[in-house]
A.B. asks: 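This is the structure I want to talk about, given as structure tokens.
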2 protein chains.
Amino acid sequence: MKKYLKVLKKCPLFTEIEEEDLLRMLVCLGARVEFFDKKYTVFSEGSPAKFIGIVLSGSVQIVQVDYYGNRSILSELSASEVFAEAFACAETPALPVSVIMCEPGEVMLIDCSHILHTCHNHCGFHQTLIFNLMKDLAMKTIIFHQRVEITSKRTTREKLLAYLNVQSQKAGKDSFDIPFDRQELADFLVVDRSGLSAEIGKLKKEGVIDVEKNHFTLLM
Amino acid sequence: MKKYLKVLKKCPLFTEIEEEDLLRMLVCLGARVEFFDKKYTVFSEGSPAKFIGIVLSGSVQIVQVDYYGNRSILSELSASEVFAEAFACAETPALPVSVIMCEPGEVMLIDCSHILHTCHNHCGFHQTLIFNLMKDLAMKTIIFHQRVEITSKRTTREKLLAYLNVQSQKAGKDSFDIPFDRQELADFLVVDRSGLSAEIGKLKKEGVIDVEKNHFTLLM
DNA sequence: CTCCTTTTGTTGAAAATTCAACAGAAATTT
DNA sequence: AAATTTCTGTTGAATTTTCAACAAAAGGAG
């Protein structure tokens with residue numbers, strides 16, 4: 001497990017926990033690591049939510065597909081980010097989303113019942129873990145709010161600009177990469193891909209943005 | 001505070017906490033109760049998030065308004081439900097939403113720093129509180145996912161039907177009330193009110209649903 | 001390097017949403 | 001009980017999105 005320490009220390013689940021404590025803790029929690037190839041389904045919609053996942057390398061997407069085949073992308077997560085924690089904590093009988101490997105890499109899986117139902121009052125690290133989980137879930141809720149704010153816009157243009165503003169703020173720069181290709185961005189914004197392409201073209205021509213593949217620059 | 005016990009016991013924040021402990025705890029947390037009239041703004045967008053709110057009576061709406069004046073309704077909460085907890089826990093400098101009193105009533109306010117930063121390791125109730133907060137935030141995240149699932153549909157009809165299905169499941173019946181008037185429902189689903197009215201009319205004519213004001217029945 | 005697959009931008013037609021405006025119904029106030 | 005305000009359903013026109021199809025560009029495999 002030692003080789004994952006660097007990534008894990010950045011994981012919001014483990015803030016305020018020292019390296020050696022962390023290592024012991026992982027054993028106690030029964031954490032295991034698995035490697036997945038690109039496009040592999042780590043968790044699939046409908047299966048029971050038992051595990052919390054942590055991205056160690058590569059990246060994953062959280063995806064929802066309705067019965068018309070419309071895909072919506074909820075988020076893309078990279079190293080040291082946590083996924084499925086809300087469902088695992090709430091002990092949901094069926095996951096409403098799938099988790100797909102986006103860039104091949106390793107994922108740490110922790111059976112959430114080990115966090116929720118064991119040594120409730122004694123172990124100090126355990127309490128810290130619950131506290132961190134709470135903080136993490138609060139943060140996730142806020143990110144969800146941002147998504148709602150973006151997808152609540154009525155037009156493709158407004159959604160795109162709202163998204164780019166959030167990304168720009170997140171990057172702290174006017175110039176930044178986005179983690180989606182065009183189809184994925186469309187699925188995230190809940191719009192049609194061709195319409196999105198057209199809108200990007202317009203904004204470019206109007207001098208509002210500059211685009212080079214996945215690299216965007218806000219000009220005004 | 002005694003007269004609020006019945007409502008507070010149903011509050012997800014206080015599960016597993018005995019009445020007398022709860023009363024002492026509320027004092028320790030500096031909880032206070034305020035009455036607000038209909039349409040009163042309890043928290044307003046942009047203000048710092050310091051307090052967790054609990055609806056004691058009446059109801060509140062969580063609302064977001066963009067600079068075009070488009071309102072989107074995130075949720076409506078009634079007695080014993082908690083609001084603003086995510087922002088308070090994450091200590092967000094500026095609330096991204098407003099909380100508006102919908103039906104006049106009382107609200108309990110708890111300064112979240114009293115939950116996050118005090119007697120971290122000692123008091124047992126405190127730990128239970130953090131655990132409950134974590135559970136509550138997990139649940140909120142899941143409700144958010146439902147909202148995303150609904151608003152990710154491409155047409156007014158699909159959004160409406162997805163919403164009604166969720167409400168029906170929640171009620172455990174095919175027949176149920178919704179907490180929104182038409183304009184509010186439109187703002188929740190992110191669609192145009194007149195288009196929504198038209199769609200409701202169609203579904204009624206087609207025999208898919210039955211509607212009487214805010215009471216809906218799924219027929220198929 | 002070439003072949004094959006995936007991604008992207010463009011098009012035009014069809015479908016759906018939005019917008020503004022209005023009138024009747026329902027609810028609230030005086 | 002009358003007057004006023006709010007809510008709802010309807011309309012038609014304008015706008016926007018969606019959909020399907022295609023070709024150029026980019027990327028990957030052998």
Side-chain angles (χ1 to χ4, degrees), chain A residues 37-39 61 66 68-73 76 100-104 150-163 177-206 208-216, chain B residues 37-39 61 66 68-73 76 100-104 150-163 177-206 208-216:
Chain A
D37 258 328
K38 191 166 181 165
K39 294 199 179 173
Q61 278 183 352
D66 69 14
Y68 296 101
N70 285 323
R71 170 179 75 164
S72 44
I73 294 180
E76 164 142 351
I100 313 283
M101 215 64 203
C102 193
E103 291 300 320
I150 290 166
T151 57
S152 291
K153 306 279 184 229
R154 300 306 173 88
T155 63
T156 300
R157 165 183 277 247
E158 281 174 33
K159 286 183 189 180
L160 175 58
L161 286 175
Y163 173 74
D177 288 323
I178 67 169
F180 298 129
D181 65 28
R182 294 291 183 271
Q183 181 65 61
E184 290 169 336
L185 180 56
D187 289 341
F188 182 85
L189 298 178
V190 194
V191 298
D192 180 68
R193 182 194 59 79
S194 69
L196 174 63
S197 267
E199 202 59 54
I200 290 175
K202 262 195 218 168
L203 286 168
K204 214 163 152 183
K205 197 181 288 178
E206 293 172 21
V208 180
I209 64 174
D210 204 20
V211 189
E212 173 83 27
K213 295 195 5 124
N214 295 350
H215 189 81
F216 286 72
Chain B
D37 258 329
K38 191 166 181 166
K39 294 199 179 172
Q61 278 184 353
D66 69 14
Y68 296 100
N70 285 322
R71 170 179 76 164
S72 44
I73 293 181
E76 164 143 350
I100 313 284
M101 214 65 202
C102 194
E103 291 300 320
I150 291 167
T151 57
S152 291
K153 306 280 184 228
R154 300 305 171 89
T155 63
T156 300
R157 165 182 277 247
E158 281 174 32
K159 286 183 189 179
L160 176 58
L161 286 175
Y163 173 74
D177 288 322
I178 67 168
F180 298 129
D181 65 28
R182 294 290 184 272
Q183 180 65 62
E184 289 169 338
L185 180 56
D187 289 341
F188 182 85
L189 299 177
V190 195
V191 297
D192 180 68
R193 182 193 60 78
S194 69
L196 174 62
S197 268
E199 203 58 54
I200 290 175
K202 261 195 219 169
L203 287 169
K204 214 163 151 183
K205 198 182 287 178
E206 292 173 21
V208 180
I209 64 174
D210 204 19
V211 189
E212 172 83 26
K213 293 191 11 120
N214 294 351
H215 189 81
F216 285 72

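Below, read A as the first sequence line, B as the second, and so on, with proteins coming before strands; counting in each chain starts at 1. Keep in mind that what you see is a predicted model, and the values were worked out from it rather than measured.
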A.B. asks: Send over the distance from B:R157 CZ to D:dT17 P, rounded to a whole Å.
C.D. replies: 22 Å
A.B. asks: How close do B:A186 and B:L196 get, heavy atom to heavy atom, and via which atoms?
C.D. replies: N-CD2, 3.6 Å
A.B. asks: Tell me the interatomic distance from B:K213, atom NZ, to D:dG9, atom C1', rounded to whole angstroms.
C.D. replies: 15 Å
A.B. asks: B:L196 has an atom CG; how far is it from atom P of C:dT18, in whole Å?
C.D. replies: 10 Å
A.B. asks: D:dG28 C1' sits how many Å from A:K39 NZ, rounded?
C.D. replies: 12 Å
A.B. asks: Checking contacts here: which listed nucleotide (C:dG9, D:dG9, C:dT18) is nearest the side-chain heavy atoms of B:V191?
C.D. replies: C:dT18
A.B. asks: Considering every strand and a 4.0 Å limit on heavy-atom distances, what is the contact class for A:R154: base, sugar-phosphate, or nothing?
C.D. replies: sugar-phosphate
A.B. asks: Which residue lies toward the 5' end of DNA chain D, B:F180 or A:T155, if each is placed at its nearest nucleotide?
C.D. replies: B:F180
A.B. asks: Using a cut-off of 4.0 Å on non-hydrogen atoms, how would the nucleic acid contact of B:D181 be classed: base, sugar-phosphate, or nothing?
C.D. replies: sugar-phosphate
A.B. asks: If you check every side-chain atom of B:S194, which of D:dT10, D:dT18, D:dA21 has the closest atom?
C.D. replies: D:dT10
A.B. asks: Between D:dT18 atom C1' and B:K153 atom NZ, what is the distance in whole Å?
C.D. replies: 16 Å
A.B. asks: Which of these nucleotides, D:dT8, C:dT10, D:dT17, is closest to any side-chain atom of A:E199?
C.D. replies: D:dT17
A.B. asks: Should we say atom CD of A:E206 is surrounded by more than 12 heavy atoms from elsewhere, each under 6.0 Å from it?
C.D. replies: yes
A.B. asks: Please determine whether a side-chain nitrogen or oxygen atom of B:R182 lies at a distance below 4.0 Å from atom OP1 or OP2 of D:dG9.
C.D. replies: yes
A.B. asks: Can you tell me how far C1' of C:dT8 sits from CG of A:L160, to the nearest Å?
C.D. replies: 15 Å
A.B. asks: Considering only D:dT18, C:dC19, C:dG9, which nucleotide approaches the side chain of B:D192 most closely?
C.D. replies: C:dC19
A.B. asks: What's the shortest heavy-atom distance between B:T151 and B:F188, and which atoms?
C.D. replies: CG2-O, 3.8 Å
A.B. asks: Just how far, in rounded Å, is P of C:dT6 from NZ of A:K38?
C.D. replies: 11 Å
A.B. asks: Please name the pair of heavy atoms, one in B:R182 and one in B:V211, separated by the smallest distance, quoted to 0.1 Å.
C.D. replies: NH2-CG1, 3.5 Å
A.B. asks: Tell me the closest heavy-atom pair linking B:Q61 and B:R71, and the distance in Å.
C.D. replies: OE1-NH1, 4.5 Å
A.B. asks: Roughly, in whole Å, what's the span from CG in B:D187 to C1' in C:dC19?
C.D. replies: 15 Å
